[in-house]
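One structure is given below, encoded as structure tokens.
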Amino acid sequence: MANELPFRPKTGEIPTQPGVYRWLDANGRVLYVGKAKNLRARLSNYFGPLDSLHERTRRMVTSAADVQWTIVNTEYEALQLEFTWIKEFDPPFNVRFKDDKSYPYLAVSIAEAVPRAFITRNRELKGVKYFGPYTQAWAVRETLDTLLKVYPVRSCTKGVYQRAQSSKRACLLGDIGKCAAPCVQRVTPAEHKQIAKQFIDFMAGGDLKHVELLRAKMQQASQDQQYELAAQYRDDVEALETVLEKSAVVFSDKTDADLFGIADDELAAAVSMFVVRGGRIRGVRGWVIDKELERDPAELVEYVLQNVYAPIDGAEPQEVPREVIVPVDPADKTEVAKWLSEIRGSKVDLHIAQRGDKAALAGTALTNAKHALMLYKTRRSADFTARADALAGIQRVLGLDAAPLRIECFDVSHLSGTNVVASMVVFEDGLPKKDHYRRFSIEQTQDDTDSIYQVLSRRLKYLREPMENENDSATSNRFAYRPSLLIVDGGLPQVNAAQRAVDASGVPDLTVIGLAKRLEEVWRPGSDFPVIFPRATDELFLLQRIRDEAHRFAITYQRQKRSSSIASALSEISGLGEKRVSALLKHFGSAKRLKLASAAEISEVAGIGPVLAEQIVQALDS
């Protein structure tokens, strides 16, 4: 037996945010659900050598065929979602009730001609809809009694029902209004089934309208000095709320909604869909789309909604909730909302979440979509066949003599013309070679093209004059390798500047291209027209990933330099030592926020008085 799992994701692919993870077998059955403050740290514990794992853990991971995760905002959300999914999927490797039958369920026998609501500890009955289990049996009984006042479903046994049919006389529950009495035909079987459906919908959706009605009656009874009746209503409300108590409550208003997060670039899009019913996350879906044609965000939203909700012959359609929350409005919002309303059979509110809990959950959906897109692109680029095809495609489109096995990409970053820096990233055989990355600080420059010229000149001198750099063995080893292809982030002006640097260096036969972000156009020096790579191809995905990595590396360095320059300015203030500088940056979270802070806000930091705060403001404004 191999000592590692074949489906193990790369460590860098696993996010470090809080979340919930699921282990699945080859048939898609959920074997285990767990939560983590840091998904990467937690899941790494499962991917050690198999012989080092606990026996039960080893059985679980070797039974699995995949592991999936969902990112959330906080540990509390992770706890809520974990509990919900444990109840929903009943994973065999999770901690379970010692004996499920010892806990009561509220059940409805939907398969019967005249459905019955009852309490049971038997989870194996056929044709029965279950709610629970619950730990407080008295609350289940009192809640059933309360619900029968509003939804008078039959709750008697088969024997009692048949005796009432024979005698043509309803039982006590029928006489006091807690049963619609289908036994004596006060309602037809079809009408009674409708009552049972309303009962089920209430329990499944957690609708609080009835609770609000009871609370209003309680207040009215109290005002009328009918204190015994008010106490009864109070007990009914408490019992109902006890049973309807759910972990993983996302919204206090028991919202029914689907929330979409969409992350996209020029070539692909990832969609994360959170299904919220009764104010709880009931499910998460996610998928990635290759964009064959250019689509703006509004078109993409419409495309996603059509694929999710359009009825398909022979398939169970996706339920359309009361609310559909999207990141941007579709172009034909009115028509799309009308279409969704027709499918649902009632009005659907299609909108963007602006604030509050819905906006926060929509942000969580977007975070999951961004991670899914990053994972998709990373895995696609990391695949050996895809990488080989990508390099061959780049060779073919650019007309190179050989596949570009070493690609170097350069990007310039600055803040309104200040703190100008540049990055160089290296990909060999289509994979990043991070120990060959380099950062450049540019002291004086005229514009981006001048910055590109300076950076390329500094890099190419290691190819032109390798002997001059023998004392810097680490740098020499990194940059003595000749690149097969040079990429700059930008269009024709940037690539022309790069070519001037190549010409001035005297290094022959170097191919330079520029990758313009807006339309993903590839520019050659001196060309009037760009080279257009086929969309949704491995070669364009690879070029895009290399350019994005260079941009990320440059931005990271630029932020570090900006923070260090502020820290340096602060350290020159009398009375402000290293610890206080660190405390300031930690308190405000970033140098930008510190620069925007007032003296009063700065003086709130421990050890910083009003006089010192004024000095800090003056130093940062200068």
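Under the 3.5 Å distance criterion, the side-chain polar atoms of R524 are matched with a main-chain donor or acceptor of L398. Distance alone, capped at 3.5 Å, places no donor-acceptor pair between the R547 side chain and the C409 backbone. In this structure, R344 contributes its side chain and V320 its backbone to a donor-acceptor pair below 3.5 Å. Remark: the backbone N or O of L431 is not paired with any side-chain donor or acceptor of D429 at under 3.5 angstrom. With D447 contributing its side chain and T449 its backbone, the two residues share a donor-acceptor pair below 3.5 Å.
Taken from NZ in K10 to CG in L375, the straight-line distance is 10.5 Å, to the nearest 0.5 Å. For the atom pair R500 CZ and L456 CG, the distance stands at 10.5 Å (nearest 0.5 Å). Taken from NE2 in H371 to CD in Q17, the straight-line distance is 7.5 Å, to the nearest 0.5 Å. For the atom pair OG (S63) and CG (L31), the distance works out to 6.5 Å, reported to the nearest 0.5 Å. To the nearest 0.5 angstrom, Y453 atom OH is 11.5 Å from Q446 atom CD. I513 contributes atom CD1, which lies 12.0 Å from atom CD of Q499 (distance to the nearest 0.5 angstrom).
The shortest non-hydrogen separation linking L463 to V507 is CB-CG2, 4.0 Å. Residue V512 comes nearest to A498 through the heavy atom pair CG1-CB, 3.7 Å, listed as atom of the first residue, atom of the second, then distance. Residues S451 and T445 share a closest heavy-atom pair of OG-OG1, 2.8 Å. When all heavy atoms of L300 and D264 are compared, the closest pair comes out as CD2-CB, 3.9 Å. Summarising the geometry of M374 relative to E13, their closest heavy-atom pair is CE-O, 4.4 Å, with the distance given to 0.1 Å. Heavy-atom minimum distance, R42 versus A36: CB-CB, 3.4 Å.
When the ring pair (Phe, Tyr, Trp, His ring centres under 6.0 Å) test is applied to F427, no partner is found at least two apart in sequence or on another chain. Residues forming a side-chain contact (heavy atoms from CB on, under 4.5 Å) with M60 (at least two apart in sequence, or on another chain): W23, Y32, Y46, F93. Take A554 and apply the side-chain contact (heavy atoms from CB on, under 4.5 Å) test, not counting sequence neighbours, and it matches D411, S413, S423.
For the pair I325/H351, a side-chain contact is recorded, criterion being any heavy-atom separation below 4.5 Å from C-beta on. Between V455 and M424, the closest side-chain pair of non-hydrogen atoms is not below 4.5 Å. Looking at heavy atoms from C-beta onward, D489 lies out of side-chain contact with Q494 at the 4.5 angstrom threshold. Side chains of S484 and T511 form no contact here, defined as non-hydrogen atoms less than 4.5 Å apart. In this structure the side chain of V67 reaches within 4.5 angstrom of the side chain of P9, judged on heavy atoms. In this structure, V336 and Y309 have side chains that are not in contact, with every pair of non-hydrogen atoms separated by 4.5 Å or more. Considering only heavy atoms from C-beta on, T11 stays 4.5 Å or farther from F47 through its side chain. Put simply, the side chain of V304 does not reach to within 4.5 Å of the side chain of V326, judged on heavy atoms.
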Report task. Show your working on side-chain contact (heavy atoms from CB on, under 4.5 Å) between F89 and R22 and close with a plain yes or no. Result -> CA-CA 10 Å; F89 299 119; R22 291 170 290 171; 4.3 Å; yes
Requested in this report: Assess whether side-chain contact (heavy atoms from CB on, under 4.5 Å) is satisfied between Q444 and D450, documenting all intermediate values.
Outcome: CA-CA 9 Å; Q444 294 183 341; D450 184 40; over 6 Å; no
Query - D329 and V301: CA distance, side-chain angles, deciding distance, side-chain contact (heavy atoms from CB on, under 4.5 Å) verdict - result: CA-CA 7 Å; D329 286 329; V301 167; over 6 Å; no
Query raised in the report: Step by step, would you call V421 with F553 a side-chain contact (heavy atoms from CB on, under 4.5 Å)?
Result: CA-CA 10 Å; V421 300; F553 196 52; over 6 Å; no
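Applying side chain to side chain donor-acceptor pair (under 3.5 Å) to E408 and the options R459, K433, R438 leaves one that passes, R459.
At most 12 heavy atoms of other shown residues, nucleotides or ligands fall within 6.0 angstrom of atom CZ in F529. In this structure, H551 places its NE2 atom where only 12 or fewer heavy-atom neighbours from other residues, nucleotides or ligands lie under 6.0 Å away. D401 CG: 12 or fewer foreign heavy atoms inside a 6.0 Å radius.
Between E549 and R552, at least one side-chain N (NZ, or NE/NH1/NH2) sits under 4.0 Å from a carboxylate O, which counts as a salt bridge.
The aromatic rings of Y376 and F541 stand perpendicular to each other, their planes meeting at an angle above 60°, with 30° marking the opposite boundary.
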